[in-house]
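Single-structure report; data block below.
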Amino acid sequence: MKDYSNSCWFKIRFGIFSAVLLCIILILQELSKNGWVNQYYLHILTVIGMNVILVSSLNLVNGYLGEFALGHAGFMACGAYTAAYLSTQLDLTGFPAIIVSLGAAIIAAGIIGYLIGLAAFKTVGDYLAIITLGFNMIIVNAIQNIDSLGGPRGFTGIPKYTSLFSVAVCLLATYYIFYHLVNSNFGRLWVAIRENSLAAELMGININQVKNFVFTIAAAFAGLAGGLWAEYQQFITPRSFDYIKTTELLVMLYLGGTGSLSGSILGVTVYIISMELLRNFLSFNPQLVEMRMIVSPLILIIIMITRQSGLLGNREWRWLRPAEAYIPEENITHDSVKN
Amino acid sequence: MTALKIENLSKSFGGIQAVLNYNLELPDNTITGLIGPNGAGKTSIFNLISGIYRPDSGQVFLNDKEITHKALSMISRSGIARTFQNIRLFNQMTVLDNIKTAFHRRAGYHFGETILGLSKFYLSEKKIDRESMEYLNYFGLTGYKSEFAKNLCYGDQRRLEIARALASEPKVLLLDEPAAGMNQVEVEELIKLIRKVQKDFGLSILLIEHQMPVVIELCRSIQVLNFGRLIASGNPSEVISNPEVIQAYLGEMEPVI
Amino acid sequence: MNLLHLEQLSIAYGPIKALHAINLEVHEGEIISLLGANGAGKSTTLRAISRLIPVLSGKINYKGKNLLEYQPHTVVAQGIAHVPEGRGIFPGLTVLQNLQLAGWTVKHKKQLKLNYESVFNLFPRLAERIAQSAGTLSGGEQQMLAVARALMTNCRLMLLDEPSMGLSPLLVKEVFRVLREINKRGTTILLVEQNANMALKIAHRGYVLENGRIVLCGSASELMQDHRIIDAYLGAAKK
Amino acid sequence: MIYTIIQQMFNAIQLGAVYALIALGYTMVYGILRMINFAHGDIFMCGAFIGFLLATKIGLPLWLMLPMAMCLTALLGVIIERIAYRRLRTAQKMSLVITALGVGIFLENFVMLMVGPATKQLPQQLPGSIVQWFFKYNITVTWDRIWIIIISLVLMAVLWLFVNRTLMGTAMRAVADNKDIVPLMGININQVIAVTFAVGSALAAAGGIFYGQSYSIDPYMGIDLGWKAFIAAVIGGIGSIEGAVLGAFLLSGVEIFTVAYLSSNLKNGISFGLLIILLLIRPNGIMGKPILKKV
């Protein structure tokens, strides 16, 4: 039988894939500077990339852990404002500035996520949804009241550090981490809690601790996406991180299907591209462009009624599946179980 | 040695006495049966032992250590595993992953090693895989390892639940009606399996069962509950000839009107 | 006369078959006991008759009508009342409100009044507690309320699911006395029980279910003497 | 000083009445289906716009427009339940919640397409003259506000009577209590749920029209007010009618006084903070009953 081969199996494939992807992106970026590739396409790809980070981190909580959290945009705001503030205040430029600001964004959002999780996971179900949403509103409201962050007018003058390339690097890193997490003991515990929290608890799992752990990770990655977003848009306002953003994330998540990393990629891609296509397709009539705004909720409703697990609920594309379990040789005796 | 000892356990729900002054001494390496009519408080006792309910009074000792008021997860960590009357598997997980969850406390890798995908992570995962497969082999479930647990047939789900409970390496196993809904052939297989599991793993088992043949075949001693109270206990032949037991189960044997 | 007739009724929960083509007849005015162990399919049978669960195959005939064409709430209007397992009262409502709801399908005021009279006559305890919320009643009283509610629907056939569950022996006797009384007043009863002796004592005929199949049927007195019944409850060692 | 407080309290009562009318819809649907109807805020918005169209396009007077708008919105609520929610009643809860979110977004965008994004003003149909008696004390209260408060309270009273004194109301509480048993009483559960949605939506429409009497309306107002009303329902104990009304007045009071004495920027933060603190201390709200955990 194969022995250690499948330990490298994913890493090799992933490495090759990343290298190819990043090369293509570098070439595209160069080409776009000369105007050979439309900037608009790169913009769409960048938006997709950032949203995939957001949606897949939300997927950890809402999909794998099975809790209904509604405040993800709040963590994005934490990251965005942390990155924005640091990148304008610190005396750094270029690569170190990106690392410091994004790192701080991750940590800030993670800490806030952890603290909120401490309070929020005292409740479950609908109440958890309400309470996370409440924290989202409070974060947004708090930012509105901090003058040094621009208050309700927004934060301007953020240097543009984010490019398609850096988004791609962050996305690949996110996926590498998430892939290992969901296919490890950590991820199995999350799904176990989702499937039957009582049985999970009776296997010795400290449910609240695990839940808060997932929540913190998800918040941290939302912070990363927020930081990327701030340094891409160069201008952020508190309003862009309220429940409307959360709702949009939920739509993409459930479109793709929960409990599946591939689903998150697919959901975001399908949603954003179809929105853009609709915009272009209907552009001959400005009235009709707005029609896409009714089309997207209709799609969501239809998907929920006809196909409740989304496009790829709880299933993965082959290349994101873990290696097949190692089958022991026949000579293993029953006694060996005892040890 | 006594694996599990319970003293004067009581619990009431809104005026209804579910369990009253229940006592148990479960010796090492034995199977004890718990029988009684529906609503007699058998499952309540399981819930009290495993910590789902908080007892009103009384104590539970596992290997002479008191576990009465510990958190749910701590009780199971100290060595009690159970199955449920209505099977509680992780339905949308594969059969193999169901077993693997039981390894969460001896995974052998930590968070950093996981997210970086270090070889220690892969090696430990492989070890967990192999050990889990041994459990599946033991219970004859190897062929279903990649199936979702919800797609197994009833008897296999029961066995998977027992396998998962065993994988967490308990000292005491609580089985709640493992034979419910099984036909004659399956029941006979189950009896063999439980006996074998008990011997191979050196377990002490507390067994709730409605099907008398199972209890009589397996248990050295039997306790009978009615209305939350212990009405009889002893070896199988004593118990089933006890008039009080007959009455609780069949009602009074009066002539038909 | 044949009031209810199950023909080759099969039911499955997902991939698990709960009933395997059972046949069962209930005649007008009878008390029928349906016995069996946990998970044998007794409750499933009742739930199928009151159309709470879908039927895989087979027929349910009631007074010559095909019950499969009905919905749960229209079955009640046909005169079938189901007293579910665990009583299933509305704990947040008062006793009176529980009874009022059960009278939902009774359209004539006069009939409704008669129903109340007969219920309170049969259960004077309920009349005393009319304004009390049902959740605060004792177990026995809750069971009485559940039966009373069935009577309020003007039923001709009453389906009872384990009325003795969780009740003390004295209360069980009381419940069974009332059931016999109700039967004497003209209501047919299909009774699901684990307490075989009690159930057979008041029944005219009985059926025994095992793993979704009917393995025994006959008159109550025959079943009482059948050693297999005793075996089923106390195992082989009883012999 | 005391007069300004009275003035603010008056404003709070008026806002509270609107919140209460919306919160009742949330609480009734939740009580019955254990479902947060995220689209309810948008049904409220639709009610306001239906009233707006009836008043401006057809020119109906208020006493005709209000009941008609309530009926039409009730119909809307029932249709939404029939098309989007009924099929998901037995499905896992998350799909239901997501569907409700989708319905909400749909309604917002649909109304926006129909009437445009600009804010609208409902025609003033109630007497806007100042109540002289209050004016003596420097408190500005107009007659239309008094009317709005009175009609709202009357509607709430009617609802209370309906739920507590009619058989249909008892059936609604029975569905909340033990949904599985209701069909065994011969009650069509779909009918009861439809009535619940109809009543909740009608009240939301009334809330929308009253809101439009004093404030401008726009297609996205449902989100904000919907959430506020929802918080009110949760604070009061979701599922409880008295709780929803109490929560609504409490929340509006907190909001009005925050704006008056602290800062209008803190309004949302403080109301959500109140919600979170209350949920952590009393998870079932002020009047809510604890839900038993069953194993």
Side-chain angles (χ1 to χ4, degrees), chain C residues 43 46-47 49-54 70-107 109 112 115 133-135 142 145-155 157-161, chain D residues 27-28 30-34 82 86-87 89-92 160-196 237-244 284-285 287-295:
Chain C
S43 299
L46 295 196
R47 292 169 65 79
I49 297 169
S50 49
R51 306 297 303 113
L52 290 172
I53 48 173
Y70 288 77
Q71 285 181 310
H73 64 272
T74 49
V75 166
V76 180
Q78 293 302 310
I80 299 182
H82 184 164
V83 181
E85 194 177 355
R87 301 167 197 120
I89 52 158
F90 301 112
L93 303 185
T94 66
V95 170
L96 181 64
Q97 284 166 338
N98 266 279
L99 296 175
Q100 280 172 339
L101 279 181
W104 184 274
T105 49
V106 183
K107 293 296 170 221
K109 280 244 167 70
L112 208 55
N115 285 359
S133 83
Q142 290 187 2
L145 176 59
V147 174
R149 242 178 15 182
L151 287 177
M152 284 299 299
T153 64
N154 242 359
C155 60
L157 172 64
M158 192 186 287
L159 314 173
L160 282 143
D161 202 343
Chain D
T27 225
M28 287 171 70
Y30 189 87
I32 283 200
L33 292 181
R34 300 277 144 211
R82 180 69 192 85
R86 186 177 294 179
R87 244 178 282 204
R89 213 180 284 158
T90 51
Q92 55 165 319
W160 191 89
L161 288 174
F162 175 69
V163 171
N164 286 297
R165 292 282 181 272
T166 66
L167 198 53
M168 181 50 98
T170 313
M172 284 159 74
R173 283 186 293 147
V175 176
D177 235 15
N178 198 341
K179 188 160 61 180
D180 304 333
I181 305 302
V182 170
L184 298 181
M185 306 292 109
I187 301 170
N188 186 350
I189 196 160
N190 288 333
Q191 192 189 335
V192 179
I193 290 173
V195 170
T196 311
I238 196 152
S240 147
I241 287 180
E242 297 89 340
N284 302 301
M287 314 272 280
K289 293 180 209 111
I291 300 157
L292 281 177
K293 188 179 165 190
K294 204 179 171 193
V295 178

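Throughout, protein chains are lettered first and strands after them, A, B, ... in sequence-line order, and every chain is numbered starting at 1.
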How far apart are the closest heavy atoms of [X] and [Y], and which atoms are they?
| X | Y | answer |
| --- | --- | --- |
| Gly88(C) | Ile181(D) | O-CG2, 3.1 Å |
| Met185(D) | Trp104(C) | O-CB, 3.9 Å |
| Leu93(C) | Ala174(D) | CD1-CB, 3.8 Å |

Original post:
Counting only heavy atoms not in Lys109(C), do more than 12 sit closer than 6.0 Å to its NZ atom?
Top reply: no

Original post:
For Arg89(D), does the CZ atom have more than 12 heavy-atom neighbours from other residues, nucleotides or ligands under 6.0 Å away?
Top reply: yes

Subject >> Residue pair Val192(D) / His73(C), side-chain heavy-atom distance below 4.5 Å >> reply: no

Original post:
Got Thr153(C) and Leu184(D) here, is their nearest side-chain heavy-atom distance under 4.5 Å?
Top reply: no

Original post:
Of the backbone (N, CA, C, O) and the side chain (C-beta and beyond), which part of Ala102(C) lies under 4.5 Å from a heavy atom of chain D, both, or neither?
Top reply: both

Original post:
Which bit of Ile80(C) comes within less than 4.5 Å of chain D, counting heavy atoms only: side chain, backbone, both or neither?
Top reply: neither

Original post:
Out of Leu167(D), Thr170(D), Ile187(D), which one racks up the most heavy-atom pairs below 4.5 Å with chain C?
Top reply: Ile187(D)

**OP:** Flag the one option from Asn178(D), Val182(D), Ile189(D), Asp180(D) with the top tally of heavy-atom pairs under 4.5 Å to chain C.
**Re:** Asn178(D)

Subject >> Separation between CG of Asn190(D) and CD of Gln71(C), rounded to the nearest 0.5 Å >> reply: 7.5 Å

Original post:
Among Gln78(C), Arg149(C), Gln100(C), Met152(C), which residue forms the greatest number of heavy-atom pairs with chain D at distances under 4.5 Å?
Top reply: Arg149(C)

